[in-house]
Number of protein chains: 2
Amino acid sequence: MPASPRRPVRGSTTGRPIMAVLDLLGRRWSLRVLWELRDGPLTFRVLQAACDDVSPSVLQQRLKDLRQAGLVDHDGDGYALTAAARALMPTLLALNDWAEDWSKTRA
Amino acid sequence: MPASPRRPVRGSTTGRPIMAVLDLLGRRWSLRVLWELRDGPLTFRVLQAACDDVSPSVLQQRLKDLRQAGLVDHDGDGYALTAAARALMPTLLALNDWAEDWSKTRA
DNA sequence: CAGTATGCTACGGATTCAGTAGCAACATAA
DNA sequence: TTATGTTGCTACTGAATCCGTAGCATACTG
């Protein structure tokens, strides 16, 4: 078996949903996948290319995680954000704006 | 050498700052550390306990990353968010609100 | 049939993480 | 002084995850 999504061994993500979200999005390529899907569905390979040609095994695992979380769906057009994920987009756009400001303060 | 922050091998994070941010925050415990520091400075061990007793080596590496990114500082009171990181707090709070809604749609 | 695109899997090697133990510096107090 | 505690941090081994490449089965198109 390649890799199953890590389940916190210790305190787990008890209680606050934010913990589960921070755990899910705190995995490599999670946020990036959501970001790349912001403008519409993408096929597996196109999404892979958009994510700097991430390994297909990792992308597969990440898509599995995001689908189980109800954030990504797979229809005829490829992989797409669910309504729940689209509700997250304003936040990601705010993150984008912040990133712009943040980069200006960097050398 | 324990571990240096991963530099994307392929396309790197050229161009858009959002890519660099997505890469930095898409590491285990990055978002969680920022979240736990939202209410003020914490010492290393208290922060470690807040993060489900994450391994000190990983926390050390993550703090190093965040300090190099100018998001975390270390003064006499322990580790604290910088002004840049505090500017990110509204976005994290929005993420928290979204997480609440998202969890309600889960079984 | 040949060519192409799709989603997906397998494998080995590299990197990162987890878990535990321990150190040096500093403070406090007996 | 000795004892005790807290701080930040490091070392080490084994497990988990990721990377990079190759390849498969299916479907569609010419």
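Letters A, B, ... are given to chains in the order of the sequence lines, protein chains preceding strands, and every chain is numbered from 1. Quick caveat, the model's predicted, so the values are computed rather than measured.
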Can you give me the N/O atom pairs linking the protein to nucleotides 5-9 of chain C at distances under 3.5 Å, or say none if there are none?
{"unit_1": "C/dT6", "atom_1": "OP1", "unit_2": "A/T43", "atom_2": "OG1", "d": "3.4"}
{"unit_1": "C/dT6", "atom_1": "O4", "unit_2": "A/R45", "atom_2": "NH2", "d": "3.1"}
{"unit_1": "C/dG7", "atom_1": "OP1", "unit_2": "A/F44", "atom_2": "N", "d": "3.4"}
{"unit_1": "C/dG7", "atom_1": "OP2", "unit_2": "A/F44", "atom_2": "N", "d": "2.5"}
{"unit_1": "C/dG7", "atom_1": "N7", "unit_2": "A/R45", "atom_2": "NH2", "d": "3.2"}
{"unit_1": "C/dG7", "atom_1": "O6", "unit_2": "A/R45", "atom_2": "NH2", "d": "2.5"}
{"unit_1": "C/dC8", "atom_1": "OP2", "unit_2": "A/Q60", "atom_2": "NE2", "d": "3.3"}
{"unit_1": "C/dC8", "atom_1": "OP2", "unit_2": "A/Y79", "atom_2": "OH", "d": "2.1"}
{"unit_1": "C/dC8", "atom_1": "O5'", "unit_2": "A/Q60", "atom_2": "NE2", "d": "3.3"}

Could you give the [atom1]-to-[atom2] distance, from [X] to [N], as a whole number of Å?
X	N	atom1	atom2	answer
B/W29	D/dT17	CH2	P	13 Å
A/R27	D/dA16	CZ	C1'	12 Å
B/L59	C/dT20	CG	P	16 Å
A/D53	D/dC19	CG	P	12 Å
A/K64	D/dC18	NZ	P	13 Å
B/Q61	D/dT10	CD	C1'	13 Å

message = For C/dC17 and B/R62 - does any side-chain N or O of the residue sit under 4.0 Å from the phosphate oxygens OP1/OP2?
response = yes
note = For B/P90, the side chain to side chain contact (heavy atoms under 4.5 Å, CB included) test, sequence neighbours excluded, returns none
ask   = Taking only residues two or more places apart in sequence, or in another chain, which ones meet B/D77 in a side chain to side chain contact (heavy atoms under 4.5 Å, CB included)?
value = B/P41, B/D75
request  = If a pair satisfies ring-ring contact (aromatic ring centres under 6.0 Å, His included) and one of its residues is in residues 46-80 of chain A, list it, with sequence neighbours excluded.
outcome  = A/H74-A/Y79
Cationic N near anionic O, under 4.0 Å, B/D65 to B/R27 = yes
task = Not counting sequence neighbours, list each pair that qualifies as a side chain to side chain donor-acceptor pair (under 3.5 Å) and has a residue in residues 91-102 of chain A.
result = none
key: Residue pairs fulfilling salt bridge (Lys or Arg N to Asp or Glu O under 4.0 Å) with at least one residue in residues 34-50 of chain B, sequence neighbours excluded   = B/R32-B/E36
